[in-house]
Structures are given as C-alpha cells and as structure tokens.
Q: 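Have a look at the structure that comes next, please.
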Number of protein chains: 2
Amino acid sequence: MPHKLDESLLISLPPFSKLERSQIREILDQSAARRYEADQSVFSEGDTADRFFMLLDGYIRVIRLTPEGEQVISLHIPSGQLFGIAKAIGRESYPATAMTAAESIVLSWPTRLWDDFLGKYDGFATETYKTVGARVGEMNNRIMEMATLHVEQRVANALLRLINQTGRKIDGGIEIDFPITRQNISEMTGTTLHTVSRLLSAWQKQGIVESQRKRIMVRDAHRLVELSQAGH
Amino acid sequence: MPHKLDESLLISLPPFSKLERSQIREILDQSAARRYEADQSVFSEGDTADRFFMLLDGYIRVIRLTPEGEQVISLHIPSGQLFGIAKAIGRESYPATAMTAAESIVLSWPTRLWDDFLGKYDGFATETYKTVGARVGEMNNRIMEMATLHVEQRVANALLRLINQTGRKIDGGIEIDFPITRQNISEMTGTTLHTVSRLLSAWQKQGIVESQRKRIMVRDAHRLVELSQAGH
DNA sequence: TTCGGAGTTTGCGGCTGCGCAAAGTCCGAG
DNA sequence: CTCGGACTTTGCGCAGCCGCAAACTCCGAA
C-alpha cells in the first residue's frame, strides 16, 4: 500500500547527509515510498532492473536460491542505504532477491531518472558507487571467511557483523533488533540450523550470548571476537 | 621495464570494440604499457588506488591474504578486461592484490584521467561499470558455491570456470593455458592442496582430467559438469 | 651431472560438522 | 483453552576432509 512519505524520515540519512535538502526533495517528487511487513519480497532475482531502492526504515535481507531450493543470505542491509542498484553497474536484471527482515519502509524510483540525476547531482552518483564499493568489500571478506574459517568462527563473525550493523544496546549486552532464526544464521554462514543451535547453546552456557526464539543478544562481545579469530 | 605499446594489441579487445579507434589512442597517449613476468605483483592490497589497469595479454590472479598469511584467490582475470578499478566504485585503496598468473602485458593510467573520460566517452564509463557488475555476479556465485557445495563440487566448478574463461582447445580436451598448481586450486576453493591432489588423481584414473605439474587438461568436461552438480 | 627446491602423491588417524531423528517449547489462531 | 505449526534443542553415528608425515618426481641452476 503506497503512501505519502513522511518527510521527517529523510533528515540526515547517513550516506546522503551532504546532499542539499532541496535536491532530495526533487528526487522524492518522482518516487514512491512503501511499507512492507516482515518477510516480504521487494524484488526477485531475475526481475528486470528498472528501479532503484533506498531503505528508509527496517532491514533488508539479500538472498539467493540454489537450484535445489536452498537459501543463501548474501547480505543484510540496514536502514539509510541504497539497494537494488543493479542497473548502475550495467546489469539488466537483479542478481538476487531482496526480502524484508522486519517491517520496513522502502523508497524507490525508476532507473530512467538515473540519467537526469547523473548530470545534476554529482554527490548522488558518487554515493551510489561508494555503496557498490562497500558491498564489494563485504563480499570479498565473506569469501575469505568461508574459504579459511571453521564453522564456529564463521558463526561468531556473523553475529558480530549483525550486532555491529544492526545492534541495539540493552542492559548487559547488545541485541540484534530484528527477528532472526537459527535457520537464518545457518543461511548466512553456510552451515545447518542444528550446528548453529548447538553453538548458541554452548555459548549461552558460557554466558557469551543469550537467546530466545527469534531473538539473540550478545552479552560478551569480546569473547565472541576471540572465538571469531582463527585461533585454530 | 616500461616500453611503448604495440598498437596491434588493441584491435578488437572484447569490452572495447565499440569505442572508436581514435578514442582509444587518446587514452593511450596518457598511459603506459608494461610487461610482467609470471607471479609478479601489479598492485597490492591497501595501496592507494591511483591507477586503472587493463590487461592486454596474460592472466591476472586477484588474491587476498588472511591475517595468518593464508592466500585466497578471489578471481582470475583473462586478457582484454579492466581491473584495479577500485577508484571507480569509491574506494581509496585497492581491496586486494593483483598478481600475474602468467607473462602479461598491462596497460595502466592515472585515475585522475577518469574524470576527463567520463564526460567525453560515455561508452567508457558504461563498460567500466559493466565490468563491476560482472565481477559482483561472479563473487555472488562464489559465495553461494562455498556455502552450499562440497569440496569435490567446488573443485569441479573451479576447473570448469578456468577452462571456460581461459581454456585452450587441444586434441582430445581443453587445457588451462597458464601454469596452475594444486595449491592454487586449493586457494580458489577453500580446501587443501592435498585434497585437490587426491581429487585430481581420482579423476585422472576415470579419464576425466589429465595433469602434469602446473598443467591441467580436461578430457571429459561433461563428466566434470555432472560432478559439479549438487548430486546427493 | 649433480644437487636442491618446488611441486605432487599417498597413507593414516582423527575430528569437525552433517544427517537423521525425536522430543521439547513457544506462540498465535480459533 | 486447546490445538497445530514454527522454532529449537539434543543425541547418536558416520564420513568427508584436514593435519601430519614421508616419499617421489620433475626441473633448473651451478
């Protein structure tokens, strides 16, 4: 259900803080904001890349499906960031599916506006490509992790990444502030939900994490960092 | 040892075939071509990203080092392609090291020329970003592979990718046309050289591949495709 | 020709992490 | 309140793959 954008959402979005307010408004006049429930698809792998997206609130999971139907989670995107910018890097279709990981508000606009922006707002193109650069870096790290680290270290790393990017401080720890299952974590780390469950249980006994269903909080991030290191 | 570029090398490079000859020359006038032996570094991870590169002949391996000194091979780049274009996606330094995998000829030019090109030659920017798009796609596939496939399947996939991108037809098969060790393959697939050796030995007995030191040829690509699939 | 280093092969033992299975817990719908 | 589905936990056994180790082969340098 598309609705008019609450302008207050736009104040000081991290990557766009340097753009003049009026420039943002001009983009907005030609775009649409939409609210999504959790676990809904924003666009799907293979769809024609005809829009750009910006996440105003919530969280996005970028997922891919293997031929056998297994899910792999490529990336978590926190609010304030661009996504679905495949067209900017010469792709005709989206290479992955974007699902909401929580209730989210998404701004989107047709890619044909891209050309207009390019000329007018230098900062816009720059920020877009910086986003690409950051994602490429993340993917590179992911590959290195998967190639060299053991499951326990990968899961520890995944948790650390989650609390760094999307963590919310609570008393006595940091909590991942959207619903996340063991299954989800296994899809981020290339293991099984059983193994993740075993690890979390063990960590809970040691007081490193604490978790209920779909909620995880990290009590001792420092210990988790140690576990994430390749201490053989 | 920098030397003058042999112009004949530039005829119909795949990604640039649409650029006018004269435009290419204009770029070349401000750039340098250089010859590298095999296993030399073109730039290193962390270096300031102040040049763009194009591989005119040979092969480039993009590698990263873990804190423990283990190598991971991110990518193989065949001739005709751009690389080291970090600056185009907003990175200040190269996120990985580029090594030659064979004797190679590399053209490079300062990134400051980028801005000039942007305005003048639309095709240039487009091709650059398409390269980025293609690489992102490859990395994504890599992540999916590592997350879901077993070692045998990953090694099979790696070989298939190598013969697709850099294969040379010979009688009775396809050969990878640059020197590659078991160690190298293990660094591409996140396993050990021992396991790779065992797999290649087994495949050799079945007539699927044939290999000497630093040389691998695939006799039965079709069987290899079957092995690369998630059967089981 | 000899030597040494780099690359490869193979064996063996062990452990990590998966597959399978079953039971337990939470939570929302009716 | 009750039911059923989604999520989680835990046990057990196995095997894929690694670690370690030793021997072998190739090739270039002296």
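In what follows, chains carry the letters A, B, and so on, assigned in the order in which the sequence lines appear, proteins first and then strands, with residues in each chain numbered from 1. In what follows, every heavy atom counts, from backbone to side chain, and hydrogens, waters and symmetry copies are set aside. Computed from a predicted structure; not experimentally measured.
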Q: Looking at residues 193-204 of chain B, who's got a heavy atom less than 4.0 Å off DNA chain C?
A: B:Leu193, B:His194, B:Ser197, B:Arg198, B:Ser201
Q: Measure CD/B:Glu70 against C1'/D:dC18 and give the value in whole Å, please.
A: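 Those two atoms, CD and C1', are 12 Å apart.
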Q: To the closest 0.5 Å, what do you measure between CH2 (B:Trp203) and CG (B:Leu159)?
A: 5.5 Å
Q: Separation of B:Glu68 atom CD from D:dC18 atom P, in whole Å?
A: 17 Å
Q: Just so I know, are the side chains of A:Pro78 and A:Tyr59 near enough to count as touching, which here means a heavy-atom distance under 4.5 Å?
A: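 Heavy-atom side-chain distance check passes, below 4.5 Å.
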Q: In whole angstrom, what separates B:Gln153's CD from D:dG16's P?
A: 11 Å
Q: Which residue, A:Arg213 or A:Val151, contacts DNA chain C at a nucleotide closer to its 5' end, judged by nearest heavy atom?
A: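 The 5'-side residue here is A:Val151.
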Q: For A:Arg182, report the nucleic acid contact type (base, sugar-phosphate, nothing); a contact means any heavy atom under 4.0 Å.
A: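 Sugar-phosphate, backbone atoms only, no base.
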Q: Calculate the interatomic distance between A:Leu149 atom CG and D:dC17 atom P; express it in whole Å.
A: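 To the nearest whole Å, that distance equals 18 Å.
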Q: Can you pull the contact range of chain A along DNA chain C, 5' to 3', using atoms under 4.0 angstrom from its heavy atoms?
A: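 It runs C:dG17 to C:dC27.
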Q: Grab the CD-C1' distance between A:Gln212 and D:dT8 for me, whole Å please.
A: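 Taking atom C1' of D:dT8 as the reference, CD of A:Gln212 is at 12 Å.
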Q: Which heavy atom in A:Thr100 sits nearest to a heavy atom in A:Ala38, and how many Å separate them?
A: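 It is OG1-C, 3.4 Å.
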Q: Quick one: CD1 on B:Ile180 to CZ on B:Arg213, what's the gap to the nearest 0.5 Å?
A: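 Between B:Ile180 CD1 and B:Arg213 CZ, I get 15.0 Å after rounding to 0.5 Å.
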Q: Do side-chain atoms of B:Thr66 reach the backbone of B:Glu68 as a donor and acceptor pair under 3.5 angstrom?
A: yes
Q: Less than 4.0 Å between a side-chain N and a carboxylate O, is that true for B:Glu145 and B:Arg142?
A: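 Salt bridge between B:Arg142 and B:Glu145, a charged N being under 4.0 Å from a carboxylate O: no.
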Q: Counting only N and O atoms by type, is there a donor-acceptor contact under 3.5 Å from the side chain of A:Arg182 to the main-chain atoms of A:Arg198?
A: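 No; judged by distance alone, with no hydrogens or angles, the pair does not exist.
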Q: Heavy atoms only: give me the nearest A:Leu149-A:Ser228 pair and the separation to one decimal.
A: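 Looking at all heavy atoms of both residues, the shortest contact is CD1-O, 4.1 Å.
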